[in-house]
Protein chains: 2
Amino acid sequence: MAEPLDTSTGNTPAAHADTRTNLLDAAEHLFAHEGVDRASLRSITRAAEANLAAVHYHFGSKEALVREVLARRLGPLNERRLRLLDEAERDGDNPRLEAIVGAFVLPALEMVQRERGGHAFARFVCRTFSEPDEAFRDLVLDQFREVVARFSNAFERALPGLPREELFWRFHFTVGSMVHTAGLGFLAYQLSDGLCDPEDIEGVGERLIGFLCGGLRAKAVGHEA
Amino acid sequence: MAEPLDTSTGNTPAAHADTRTNLLDAAEHLFAHEGVDRASLRSITRAAEANLAAVHYHFGSKEALVREVLARRLGPLNERRLRLLDEAERDGDNPRLEAIVGAFVLPALEMVQRERGGHAFARFVCRTFSEPDEAFRDLVLDQFREVVARFSNAFERALPGLPREELFWRFHFTVGSMVHTAGLGFLAYQLSDGLCDPEDIEGVGERLIGFLCGGLRAKAVGHEA
DNA sequence: GTTTGAATCAAACGTATGTTTCAATTTCTG
DNA sequence: CAGAAATTGAAACATACGTTTGATTCAAAC
């Protein structure tokens, strides 16, 4: 009985594993395109050119594999968000709203476009958000909690006078647009008959930031700002 | 071999079936809470107090059951949207943006709150949006196409000068916020530590409309309106 | 009261799945 | 090079699933 090495986040320098990475890549792709349940370990290991037992050797179970697939990218993604927020707050004590929204939104869009398999991952996370299995959803949400705390504070300072309840709702709406766009941008292509190009993340990012800032700055109903 | 009666949409006056409705209700609930794949016909029929074979007798297959669950509410929901848009356009030839957005957003929120099982259904649809199985996704999108066509025209007239590409993207962002809110409003409750109340659909609707109109009216970047 | 078709039921079928096992092999280490 | 540990491999296991079958109950029609 051999214990596979720790690799928790993708930060460790690839250790020695190839099979392990192949499994994560294949699983990510298939989870996104077929769903966690429909993607069988047999199809995953076949795609990764590994033996069926490799999943249990390297991860212990299918559920643990799902967790690893999520954790591998979610950690770095949220770290990037926090780092960009740090930068924005360093520049001016009261950064522009556009910079805050950008720090929240752009890392996701960039990951989709630039990282190999990013598209599949975004779609997978989008799925996981509405995942009924609490274990998986909590895994995403726990990674998300610090981000929510930091960004809601930043929003609060950038939008003085906005009631906290209103602010959290607007944050919620923001997350919705962001997730829908990062994970399901192809729907915009489909529904606009090819007019919208989800590959052009710079354009999409600009548009999304503009839209969200407009919404975040809207006059609060029933409240005198 | 007996052919079960037509009930396509929920419009037919309940025909004579009880088991059939029980199956749809139970399936809707379990699809939302466990996902289509994890919800077995055995658990569905148990919840509906029906026999295992009843699903195949009344619907033919599990996939057909999924389709029925979707179609039962999706048709009326989108009809309601179109009717409200008609009313808004009848009132003034150029209705206020708020009225258009409301016609798009409120039927979903109201269904969640007012119809029995509406919450479960919204969550299920939210899942289906990111469903990898094209057959299910297309079922949702096909029901959605006329709505998109009508509303994008209305938006276009309410927001003159906005390039069509920008307009479709903003519609896309709008859908994201709406779906995220109708299906996953409980996340706002969780992430705001109980500050946001997803049950208060009047409040949520007002906030969502305000937010979306702010975003839709934002100055388009890179374009002189 | 018998007949007919719809609806329900218990039981089984075939298959695909996650998991386990243990031998074979490769890779590192002293 | 020898030995130990890590990794891969082929096969089997138990289980849960969607589906099918054929008998049975039930309600109305004649």
Side-chain angles (χ1 to χ4, degrees), chain A residues 1-8 12-31 33-70 131-133 135-136, chain B residues 1-7 12-28 30-31 33-70 131-133 135-136:
Chain A
M1 257 163 270
E3 280 292 325
L5 301 185
D6 157 277
T7 39
S8 46
T12 46
H16 60 94
D18 211 27
T19 301
R20 203 188 143 87
T21 307
N22 288 342
L23 285 171
L24 287 170
D25 290 343
E28 181 175 77
H29 184 261
L30 287 166
F31 287 165
H33 287 83
E34 306 186 357
V36 172
D37 295 308
R38 293 176 135 92
S40 69
L41 292 186
R42 283 171 176 79
S43 66
I44 292 169
T45 49
R46 198 182 317 126
E49 299 180 77
N51 188 271
L52 170 60
V55 167
H56 287 83
Y57 176 73
H58 286 283
F59 302 97
S61 70
K62 184 180 183 180
E63 190 177 316
L65 172 64
V66 177
R67 275 197 296 270
E68 284 279 342
V69 170
L70 282 174
E131 177 68 45
D133 190 315
F136 295 153
Chain B
M1 253 166 275
E3 280 292 324
L5 301 186
D6 157 278
T7 39
T12 47
H16 62 94
D18 211 28
T19 301
R20 202 189 144 85
T21 307
N22 288 342
L23 285 172
L24 287 170
D25 290 343
E28 181 175 77
L30 286 165
F31 287 164
H33 287 82
E34 305 185 357
V36 172
D37 294 308
R38 292 175 133 92
S40 68
L41 292 186
R42 285 170 174 81
S43 66
I44 292 170
T45 49
R46 199 183 316 129
E49 299 183 73
N51 187 271
L52 171 59
V55 168
H56 287 84
Y57 177 74
H58 286 282
F59 302 96
S61 69
K62 183 180 183 179
E63 190 177 315
L65 172 62
V66 177
R67 275 197 295 269
E68 283 280 341
V69 170
L70 282 174
E131 178 67 46
D133 190 314
F136 295 153

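Order of the sequence lines fixes the chain letters, A, B, ..., with proteins taken first and strands second; residue numbering starts at 1 for each chain.
- When the side-chain nitrogen and oxygen atoms of A:His58 are compared with OP1 and OP2 of D:dT8, one or more of them lie within a distance under 4.0 Å.
- A:Ala54 comes within contact range of no nucleotide atom at all, as no heavy-atom separation falls under 4.0 Å.
- Between A:Leu65 and A:Phe31, some side-chain heavy-atom pair lies under the 4.5 Å cut-off.
- A sub-4.0 Å separation between OP1 or OP2 of D:dT8 and a side-chain N or O of A:Thr19 is present.
- Between the C1' atom of D:dC17 and the CG atom of B:Leu30 lies a distance of 15 Å, rounded to the nearest Å.
- Rounded to whole angstrom, the span from the CZ atom of B:Arg38 across to the P atom of D:dG18 amounts to 13 Å.
- Here B:Arg67 pairs with B:Glu63 under the side chain to side chain donor-acceptor pair (under 3.5 Å) rule; sequence neighbours left out.
- Formation of a donor-acceptor pair under 3.5 Å by the A:His33 side chain with backbone atoms of A:His29 is found in this model.
- Rounded to an integer number of Å, the gap from NZ of B:Lys62 to P of D:dA16 is 15 Å.
- Protein atom CG of A:Leu65 is 15 Å distant from nucleotide atom P of C:dT17, rounded to whole Å.
- A 4.5 Å side-chain heavy-atom check between B:Thr45 and B:Asn51 finds every atom pair outside the cut-off.
- Residues B:Asn22 and B:Glu49 fail the side-chain proximity criterion, which asks for heavy atoms closer than 4.5 Å.
- A distance of 6.5 Å separates CG in B:Leu52 from CG in B:Leu41, rounded to the nearest 0.5 Å.
- Residues from residues 40-52 of chain B placing a heavy atom under 4.0 Å of any atom in DNA chain D, listed by number, are B:Ser40, B:Leu41, B:Arg42, B:Leu52.
- Straight-line distance from the OH atom of B:Tyr57 to the P atom of D:dA23: 17 Å, rounded to whole Å.
- Following rounding to the nearest Å, A:Glu63 (CD) and C:dT17 (C1') show an atom-to-atom distance of 15 Å.
- To the nearest angstrom, P of D:dT7 lies 14 Å from CG of A:Asn22.
- Taking atom NE2 of residue A:His56 and atom P of nucleotide C:dG18, one finds them 8 Å apart after rounding to whole Å.
- Using a 4.5 Å cut-off on side-chain heavy atoms (C-beta onward), A:Glu68 and A:Arg20 make contact.
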